[in-house]
Amino acid sequence: KLISRLREHNSLKEVTEDRQWLSGHGFQVTGRKRTDATDLVGSQVVEARAIRPFAVSEFTTNHIDRMLFPRNRRLYKGPHVLIRVGFYNKLPAATFVSRDTAFPHGVIGISGPAKDAERLALVAVVINSTLGRYFQFMTSASWGVEREFVELGEHRALPVPDWEGAASRDLRSLAREHARGSAMMNVRQRTIDTAVAKAFGLEAHD
């Protein structure tokens with residue numbers, strides 16, 4: 001019943017289509033038929049292992065000039081949400097990054113215009129919430145069955161609360177903090193979970 005109730009909200013796929021965001025995996029290097037990627041040389045890169053909930057542990061620089069799938073360069077334009085395909089401490093992890101950042105296949109990116117920075121940050125908050133993780137655990141084909149990861153299509157199915165709704169006020173506040181680069185690591189998980197649950201119209205007793 002809870003999953004059905006959450007699915008009454010727009011999915012991330014519907015939000016990305018409505019806002020004209022771009023989502024997908026990052027570049028893939030290895031393979032026979034590699035193509036020119038010299039425009040990505042010198043780009044800032046975030047590896048999957050560097051992604052934490054609400055943070056990136058390190059940035060590197062790309063020196064590879066030929067790749068199998070360089071991907072749509074717009075995907076690397078900030079602001080965007082970067083989602084680790086594999087898990088961090090056995091849980092999904094996502095963070096908002098404001099600047100242009102390239103990333104490999106082990107990362108899923110969602111890129112949008114600067115005016116949508118806070119909306120993108122809200123997506124990261126939902127992914128890192130207990131409710132968001134619960135939804136993925138209950139609906140993912142791989143998590144808890146084969147390997148610890150969530151597919152791109154499964155992330156796109158994640159419900160996203162209404163940005164404008166009065167119930168989303170606390171969640172919007174957290175999203176603004178994250179978009180401005182505040183230390184979200186200092187925010188208690190319970191605070192995040194309460195804001196996300198409220199935005200979905202849920203209370204503790206639900």
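If you're wondering where the values come from, they're calculated on a predicted model, not measured in any experiment.
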**Item:** Within-4.5 Å side-chain heavy-atom neighbours: Leu91 and Trp143
**Value:** yes
**Message:** Going by salt bridge (Lys or Arg N to Asp or Glu O under 4.0 Å), name the residues that satisfy it together with Arg73, two or more places apart in sequence or in a different chain.
**Reply:** Asp39
**Asked** If we only count heavy atoms from C-beta on, is the Ile51 to Ile83 side-chain gap below 4.5 Å?
**Response** no
**Message:** Distance check, rounded to the nearest 0.5 Å: Leu68 atom CG versus Lys33 atom NZ?
**Reply:** 10.0 Å
**Message:** Can a donor-acceptor pair be found, under 3.5 Å and without considering hydrogens, that links the side chain of Ser129 to the backbone of Gly132?
**Reply:** yes
**pair Leu6-Leu131: side-chain heavy atoms closer than 4.5 Å** = yes
**Request:** Go through the structure and list residues passing side-chain contact (heavy atoms from CB on, under 4.5 Å) with Ala117, not counting sequence neighbours.
**Result:** Pro79, Phe96
**Request:** Examine distances only and state if a side-chain atom of Thr130 and a backbone atom of Asp193 form a donor-acceptor pair shorter than 3.5 Å.
**Result:** no
**Asked** How about His105 and Phe69: do any of their side-chain heavy atoms sit closer than 4.5 Å?
**Response** no
**Asked** Any donor and acceptor pair, going by atom type alone, linking the side chain of Glu14 with main-chain N or O of Ser11 inside 3.5 Å?
**Response** yes
**Request:** Check the hydrophobic clustering (I, L, V, M, F, W, Y; side-chain heavy atoms under 4.5 Å; chains of links allowed) and say if Leu174 and Val196 are grouped together.
**Result:** yes
**Item:** Minimum-distance pair of heavy atoms, taken over all atoms of Trp163 and Ala175
**Value:** CZ3-CB, 4.2 Å
**Item:** In one Ile/Leu/Val/Met/Phe/Trp/Tyr side-chain cluster, 4.5 Å: Val107, Val56
**Value:** yes
**Asked** Minimum heavy-atom separation for Leu122 to Pro161, with atom names?
**Response** CD2-CD, 4.3 Å
**Request:** Starting at CD of Glu118, measure out to CZ of Arg172 and round the result to the nearest 0.5 Å.
**Result:** 10.0 Å
**Prompt:** Listed by chain and number, what are the ring pair (Phe, Tyr, Trp, His ring centres under 6.0 Å) partners of Tyr134, not counting sequence neighbours?
**Reply:** none
**Prompt:** What's the shortest heavy-atom distance between Asn128 and Ala94, and which atoms?
**Reply:** ND2-O, 2.8 Å
**Item:** Verify same cluster id: Val85, Phe54 (apolar side-chain graph, 4.5 Å)
**Value:** yes
**Request:** Not counting sequence neighbours, which residues clear side-chain contact (heavy atoms from CB on, under 4.5 Å) with Val15? List them please.
**Result:** Asn10, Arg19, Trp21, Val160
**Message:** I'd like to know whether Leu75 forms a side chain to side chain contact (heavy atoms under 4.5 Å, CB included) with Phe103, so could you lay out the CA-CA distance, the side-chain angles of the two residues, the decisive distance to 0.1 Å, and finally the verdict.
**Reply:** CA-CA 9 Å; Leu75 198 58; Phe103 46 89; 3.7 Å; yes
**Asked** According to a 4.5 Å side-chain heavy-atom criterion applied to Ile, Leu, Val, Met, Phe, Trp and Tyr, with indirect links allowed, do Leu120 and Tyr76 form part of one hydrophobic cluster?
**Response** no
**Prompt:** Between Met67 and Ile108, is there a shared hydrophobic cluster once you connect ILVMFWY residues whose side-chain heavy atoms come closer than 4.5 Å?
**Reply:** no
**Complete:** With sequence neighbours left out, the residues meeting salt bridge (Lys or Arg N to Asp or Glu O under 4.0 Å) with Glu164 are Arg119
**Item:** Chi angles and distances behind the side chain to side chain contact (heavy atoms under 4.5 Å, CB included) call for Glu177, Met184
**Value:** CA-CA 7 Å; Glu177 286 186 43; Met184 288 292 291; 4.1 Å; yes
**Message:** For Thr191, is there any backbone N or O sitting under 3.5 Å from a side-chain donor or acceptor partner on Thr194?
**Reply:** no
**Prompt:** For Arg52, what residues pass the side-chain contact (heavy atoms from CB on, under 4.5 Å) criterion, not counting sequence neighbours?
**Reply:** Ala55, Ser57, Arg84, Tyr88
**Request:** Sorted by first residue and then second, give each ring-ring contact (aromatic ring centres under 6.0 Å, His included) pair with at least one member in residues 114-133; sequence neighbours left out.
**Result:** none
**Item:** Test salt bridge (Lys or Arg N to Asp or Glu O under 4.0 Å) applied to Arg169 - qualifying residues, sequence neighbours left out
**Value:** none
**Item:** Non-neighbouring partners of Phe59 that pass ring pair (Phe, Tyr, Trp, His ring centres under 6.0 Å), sequence neighbours left out
**Value:** none
**Fill in**
Heavy-atom nearest pair, Gly86 first then Phe149, reads CA-CB, 4.2 Å
**Complete:** What one should report as the nearest heavy-atom pair of Ala124 and Val81 is CB-CG1, 4.2 Å
**Item:** With sequence neighbours excluded, residues passing side-chain contact (heavy atoms from CB on, under 4.5 Å) with Val45
**Value:** Phe27, Glu47, Thr60, Asn62, Ala102, Pro104
**Prompt:** To the nearest 0.5 Å, what is the distance between CZ (Arg74) and CG (Leu22)?
**Reply:** 4.5 Å
**Prompt:** If you look only at pairs with a residue in residues 153-162, which of them pass as a salt bridge (charged side-chain N to carboxylate O under 4.0 Å, His left out), with sequence neighbours excluded?
**Reply:** none
**Asked** Got a sec: does the CZ of Arg49 have more than 12 other heavy atoms crowding it under 6.0 Å?
**Response** no
**Message:** If we ignore hydrogens and angles and just use 3.5 Å, is the side chain of Asp100 paired with the main-chain N or O of Gly78 as donor and acceptor?
**Reply:** yes
**Message:** Going by salt bridge (Lys or Arg N to Asp or Glu O under 4.0 Å), name the residues that satisfy it together with Asp18, two or more places apart in sequence or in a different chain.
**Reply:** none
**Asked** What are the two closest non-hydrogen atoms of Leu12 and His155, and how far apart are they?
**Response** CD2-O, 3.4 Å
**Complete:** Rounded to the nearest 0.5 angstrom, the NE2-OG1 distance for His80 and Thr95 is 10.0 Å
**Message:** I'd like to know if the side chain of His178 and the backbone of Ser173 have a donor-acceptor N/O pair within less than 3.5 Å.
**Reply:** no
